[in-house]
Amino acid sequence: MSLDLDVLRLARPEIAALAPYASARALAGHDGILLNANESPWPPWQDPGLDLNRYPEPQPAALKTRLAELYGVDPARLLITRGSDEGIDLLVRAFCRPGQDRVLVCPPCFGLYALSARIQGAEVIEAPLVESPDRWRLPVDLAARAAGCKLVFVCSPNNPTGDLLSEEEVGTLARAIDDQGLLVIDEAYVEFAPHASLMHLQRRHPNIVVLRTLSKAHALAGCRIGTVIADPEVIALLRRIIAPYPLPTPTVAAALAALSSEGIAGTQARIAQILEHKQALVQVLRSHPEIRQVWPGTANFVLVRASDGPRLVRDADLAGIRLRDQSAQHGLRDCVRITIGTPLENRRLTDFLQQWKP
Ligand SMILES: *Cc1c(COP(=O)(O)O)cnc(C)c1O
């Protein structure tokens, strides 16, 4: 494939033709006497010193620098979004023409890819993963099916199966899509599987887009911060349609604190603790007479198949423990996703499991 991605040809023509909305902050910055944005000149009651009367920076420079450093990429390749959820939605809206373009997903997977595509009016093509005792595999004909799709969504580690994709799998797929579409790799859980990021493949395959988030390992789901990492032309295109001020000031401040060196040390400690407790939980699950299959995966959750999955979820619920029923997903009859909690929460779960009989 050519190393130059013709982003404007891939995009919806009306988006390619759009001039970005020029917000007051984007036009004039933060200095001087600010009489250009109809803001209050005074802070609100009990302002925590964050200048909450002012609109935030559209793409906060300090956070962008920090994320670029964290992910090891050029800041021009980043777009900070309101969670990865918004990144997914922006990609679908920028590239998929209603009634014309196709989006490929590999269920069981995160449901938002297909939902965003359907809201946009794009056709959703499903190429289901293939079950095996140790992992779920991409279907062998995936590359053939991906050809001609505008967006192909894969996830590594995958939610809810926990499996990682290999460089070979992703490289083959990116080549098959070629210059007809983008391969989106959602790496929401990759911090739990060190050195497993596939981001470096972007150098060879400019049609790869990577999604990262602070919601999982970085413990900031309430902040809503995700990052789209892609060719600068893709980023420039998405900036034409993103909301003018997607990132609330308190959210950005909290994220910067969590990404300080102390914050990152804390994240590393939590990851280590979660992985250790996951091992213990997997042992309990593997020796349980009513658990038929355990897929430990490489993230902060495990997927199991029980003798009666919906019943497991209901009984756990009665014991005050919320698990995620996956039985409505493709191929996941009787399957339940269990997130690793604190040591105390894991102990409560283990106690419940040890007496559970459907
Ligand atoms: C949790 C999750 C996300 C959502 O991330 P946000 O940044 O919180 O929007 C994205 N993809 C997958 C696969 C997830 O499980």
Side-chain angles (χ1 to χ4, degrees), residues 1-16 87-132 135-156 158-159 161 163-187 197-211 228-235 237-238 329-331:
M1 91 175 275
S2 67
L3 271 174
D4 273 331
L5 198 59
D6 192 351
V7 175
L8 292 181
R9 189 183 55 76
L10 281 181
R12 286 170 53 207
E14 56 273 44
I15 303 297
I88 294 164
D89 187 54
L90 293 174
L91 286 163
V92 169
R93 283 198 286 133
F95 289 97
C96 296
R97 293 165 297 176
Q100 292 188 57
D101 287 321
R102 281 173 292 161
V103 170
L104 185 115
V105 298
C106 300
C109 63
F110 192 47
L112 200 62
Y113 313 139
L115 181 64
S116 284
R118 292 198 173 103
I119 291 171
Q120 177 66 13
E123 186 186 350
V124 176
I125 301 196
E126 298 195 337
L129 299 176
V130 180
E131 178 181 348
S132 72
R135 61 163 295 176
W136 293 73
R137 289 167 205 289
L138 294 176
V140 285
D141 64 345
L142 182 60
R145 304 194 61 182
C149 289
K150 221 23 141 11
L151 295 175
V152 174
F153 283 98
V154 293
C155 185
S156 178
N158 186 42
N159 174 10
T161 61
D163 296 308
L164 288 168
L165 295 172
S166 71
E167 282 190 25
E168 294 68 41
E169 287 171 312
V170 168
T172 306
L173 199 49
R175 266 192 305 277
I177 300 165
D178 196 47
D179 57 0
Q180 300 170 63
L182 300 177
L183 173 58
V184 185
I185 309 176
D186 185 343
E187 294 192 331
S197 175
L198 296 164
M199 207 169 346
H200 59 278
L201 294 179
Q202 289 184 321
R203 266 178 251 134
R204 243 178 295 157
H205 304 286
N207 62 344
I208 291 180
V209 175
V210 173
L211 302 177
V228 179
I229 303 164
D231 186 281
E233 301 231 11
V234 172
I235 300 302
L237 186 82
L238 299 182
Q329 279 236 57
H330 188 99

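Screening L198, L201, I229 for a side chain to side chain contact (heavy atoms under 4.5 Å, CB included) involving I185 leaves a single residue, L198. When each of L104, V170, V209, L151 is checked for a side chain to side chain contact (heavy atoms under 4.5 Å, CB included) with L183, only V170 meets the rule.
Remark: F95 engages no residue in a ring-ring contact (aromatic ring centres under 6.0 Å, His included) (not counting sequence neighbours).
A heavy-atom distance below 4.5 Å is found between the side chains of L182 and L5. Counting heavy atoms from C-beta outward, L90 and V228 have side chains that stay 4.5 Å or more apart. A heavy-atom distance below 4.5 Å is found between the side chains of L10 and K150. Contact of the D179 side chain with the N207 side chain is not registered, since no non-hydrogen atoms from C-beta on lie closer than 4.5 Å. Counting only heavy atoms from C-beta outward, the side chains of L91 and L211 approach each other to under 4.5 Å. The closest side-chain heavy-atom distance from V234 to L238 is below 4.5 Å. Side-chain contact between E167 and H200 is present, with at least one heavy-atom pair separated by less than 4.5 Å. Inter-residue side-chain proximity for R137 and E169 is flagged as unmet; no heavy-atom pair is nearer than 4.5 Å.
Taking all atoms of both residues into account, the shortest heavy-atom contact from V7 to E233 is CG2-CB, 3.6 Å. Across all non-hydrogen atoms, the minimal contact from R145 to I125 is NH2-CG2, 3.6 Å. Closest of all the heavy-atom pairs between C96 and A122 is CB-CB, 3.9 Å. The minimum heavy-atom distance linking S197 with E187 is given by the pair OG-OE1, 2.8 Å. For the residue pair V152 and A146, the shortest heavy atom distance occurs at CG2-CB, 3.9 Å. Minimum heavy-atom separation, R97 to P13: CD-CD, 4.1 Å.
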Would V124 and F153 satisfy side-chain contact (heavy atoms from CB on, under 4.5 Å), going step by step from the backbone distance to the final call? CA-CA 11 Å; V124 176; F153 283 98; over 6 Å; no

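Formation of a donor-acceptor pair under 3.5 Å by the Q329 side chain with backbone atoms of C109 is found in this model. Distance alone, capped at 3.5 Å, is enough to place a donor-acceptor pair between the R12 side chain and the R93 backbone.
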